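Data block below; observations after.
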Protein chains: 2
Amino acid sequence: MKEGPDIALIGSLIGDPARANMLGALMSGKALTATELAAEAGITAQTASSHLGKLEAGGLVQKSKQGRHRYFSLADDDVGAVLESLMGLAALKGHTRVRTGPKDPALRRARVCYNHLAGEMGVQMLDSMKQRGFVVEDEDQLELTVKGHQFATGLGINLDALRSTRRPLCKSCLDWSARRSHLAGALGTALLEHFYKTGWADRLEGTRIVTFSKTGETEFARHFKIAEG
Amino acid sequence: MKEGPDIALIGSLIGDPARANMLGALMSGKALTATELAAEAGITAQTASSHLGKLEAGGLVQKSKQGRHRYFSLADDDVGAVLESLMGLAALKGHTRVRTGPKDPALRRARVCYNHLAGEMGVQMLDSMKQRGFVVEDEDQLELTVKGHQFATGLGINLDALRSTRRPLCKSCLDWSARRSHLAGALGTALLEHFYKTGWADRLEGTRIVTFSKTGETEFARHFKIAEG
DNA sequence: ATTATGTTTCGATTAACATCGAAGTATGAA
DNA sequence: TTCATACTTCGATGTTAATCGAAACATAAT
C-alpha cells in the first residue's frame, strides 16, 4: 500500500501482553530460558514457545541452545534502544502498569537497560564523563577521548579487547525515566560488569533493579561526581 | 505483573496494519481528515473512526474539529520520534513493505518527518549547522548559538516567536534511512516551512517525499554546504 | 426547508490468534 | 535402559477485535 518500512509487524509483536512481558524481562540483559520467560509472562510453556518463535522470526530476540536449555536474549542493542524509547512514550502518556509499589523509586534510581546501567545513576555517570572530557559527542556517536581511555584503563577495563569487537564502543541511549541519555555500547556494558565484579553493585533478583552497596555508592559518587554549574 | 511502563498498549495500537498506515500518513506532518485517513488505510469510514478513537484514547493522535471535518494529527513530537525509530528498526530487520518502487530513493533523499526535514538532505542540514557552529550539542538538547541565531534570522525566520512557545527550539531526531540525526523541534519545523515558502521545495502529493526545485537544490547546497574532512 | 457530505454509533459477522491439553522430540541423569 | 526435564508441535477451543452495512447525528451548501 504505502512505501517505507513496515512498523505494524514489529508493533504487533510488542503489542501482545505476554510478549511485552517477555521483552521487558529480557531488558534485564540476562539470557533467560523459555520456561523462565513463560513464568515471567504468566503463561504455559507451550504458549511461550509459540511467542518466542514469532519474536525470533521477527528479529527481536535470538536463541542459543545449551544442552537441553534454550537461552533467549534480545537480538541486539537496537532492539533494546527501541524498547526503552517505547517505555519512555508509554510513561509519558501515563500508560503505567497497575503495580506502582515501593520498587518503582529504586527502578528510577538504578536499573539495567539490556546490558548497561540506566536510571538516575546511569545518567549521572554519562554526565560526569562528558563534563570531565572523557567522552565527547561527535555526530551521533560518542567518542572516547585519550583522557577517557586512561580513566577506563585505570578502572581495570581492557579497552583493546572491547575495540576489537564489531560493536560500537560508546553509544548513547535515551532513558525513559529521566528522559536524558546514558551510556550504552561496549564500554557501557564493561562498566556495569565492572560494578558487579568489584562488588559495588548487584542485581535484585527477578527485576531490572541494580542495588549499590554502601561502599559501592560512595565509590560511584567519587568516580562519577558532577560539578554543579 | 511487572513494574514499569506498559509498552504492550502502545505496541498493539501501532501493531494493527490499518492504524500503522494512518500513523505513517500522519508522519507527513499534515493534519488529515478521518475520510482521508480511511482511504490511506484502505478501509471504510466507520472502521477508521473506530481506529482513530483508539489512537486518540491512547494519546498517539489528537483531534481538532473544524466545521464538519475532524482533523487528526500526531499528538506531539515524541510520538513522531518513536515512530521514526520504529521505522529504523523495521528497516534494519528487513521488514519492508512490498512496494519498493522508484519512489524509494526519493524517500531516502528528502522526506518529511512529521513536521521537519528528514532523509539525506535533513542529515546534511544538521551536519552543516553543527560544523559551522550554528548549533552545539549540550546534553541531549541541541542549543542554538549566537551565530546560529544570526543565520536563521538572516533567512527571515522569527526566532522570538518560536522561543515564545512551550516547544523546544532544537531537538535531534534519529533518521531511519541514514541512521544519523537530523534537526527537529520548532526550528526544524520553521526551516521546512521556509523551504516551502521560498519555493525551494514542495511536497509530492500523497507521500512523505519532499521535492526540491532546481534553484532550491542549489540554494540548499549553498546554505548548508559541508566541508569535507 | 431540503439535500449533500463528513463522522460516529450500533449490531452482526468473520477471521485471527492466544491459550492450553496432549503427545512428540531431545538432552541429561540415574 | 529407564526416568526426568526442557522444549516443540499438533489440534481444539474460546475470546478478541477488525470489518462493514445500516442508521443516526452534525454541519454545510442550495
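Since the structure is predicted, the reported quantities are computational estimates derived from the model, not experimental observations.
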* **Point-to-point distance, once rounded to the nearest 0.5 Å, from CD1 of A:I14 to CG of B:L13** =>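 The CD1 atom of A:I14 sits 12.5 Å away from the CG atom of B:L13.
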* With the side chain counted from C-beta on, respond yes when B:R19 and B:L60 share a heavy-atom pair under 4.5 Å apart, and no when they do not. =>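 No, side chains not in contact.
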* To do: May I ask you to test the A:L144-A:R163 pair for a side-chain heavy-atom distance under 4.5 Å?
  =>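 Touching, per the 4.5 Å side-chain cut-off.
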Do any side-chain nitrogens or oxygens of [X] fall under 4.0 Å of OP1 or OP2 in [N]?
X     : N      : answer
B:R19 : D:dA18 : yes
A:T35 : D:dC7  : yes
B:H51 : D:dT19 : yes

Nearest-Å distance, [atom1] ([X]) to [atom2] ([N])?
X     : N      : atom1 : atom2 : value
B:Q66 : C:dT7  : CD    : P     : 11 Å
A:D16 : D:dT15 : CG    : P     : 17 Å
A:M22 : D:dC7  : CE    : P     : 11 Å
A:L55 : D:dC7  : CG    : P     : 15 Å
B:Y71 : C:dT5  : OH    : C1'   : 13 Å
B:L37 : D:dT19 : CG    : P     : 14 Å
B:K65 : D:dC25 : NZ    : P     : 15 Å
B:Q46 : C:dG11 : CD    : C1'   : 12 Å

When we call it a touch if two heavy atoms are under 4.0 Å apart, what does [X] touch: a base, just sugar-phosphate, or nothing?
X     : value
A:K63 : sugar-phosphate
A:A34 : sugar-phosphate
B:A48 : nothing
B:T47 : base
A:K54 : sugar-phosphate

* To do: Run the numbers on A:S64 and A:R70 for side chain to side chain contact (heavy atoms under 4.5 Å, CB included), then give the verdict.
  => CA-CA 6 Å; A:S64 73; A:R70 273 93 218 255; over 6 Å; no
* Asked: Is there a donor on the side chain of B:R68 or the base of C:dT7 sitting less than 3.5 Å from an acceptor on the other?
  ->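 No, the side chain and the base share no sub-3.5 Å donor-acceptor pair.
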* Asked: Hey, does the side-chain of B:R70 have a donor or acceptor N/O within less than 3.5 Å of a partner on the base of C:dT7?
  ->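 For B:R70, whose side chain was compared with the base of C:dT7, there is no donor-acceptor pair (under 3.5 Å).
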* Do the ring planes of A:W200 and A:H194 sit parallel (below 30°), tilted (30 to 60°) or perpendicular (above 60°)? ->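 It falls in the perpendicular class, over 60°.
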* Per the side-chain contact (heavy atoms from CB on, under 4.5 Å) rule, which among A:D202, A:L117, A:V210 passes with A:F195? ->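 For A:F195, the side-chain contact (heavy atoms from CB on, under 4.5 Å) check succeeds only for A:L117.
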* Which nucleotide, D:dT19, D:dT5, D:dT8, lies nearest any side-chain atom of B:A18? ->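 The nucleotide sitting nearest to the side chain is D:dT19.
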* To do: Would you indicate which nucleotide in D:dT9, C:dT8, C:dC17 comes nearest to any side-chain atom of A:S49?
  =>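 Nearest listed nucleotide: D:dT9.
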* To do: Starting from the 5' end of DNA chain C, give me the residue, B:L52 or A:I43, whose nearest nucleotide shows up first.
  =>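 By nearest-heavy-atom nucleotide position, the 5'-most residue is B:L52.
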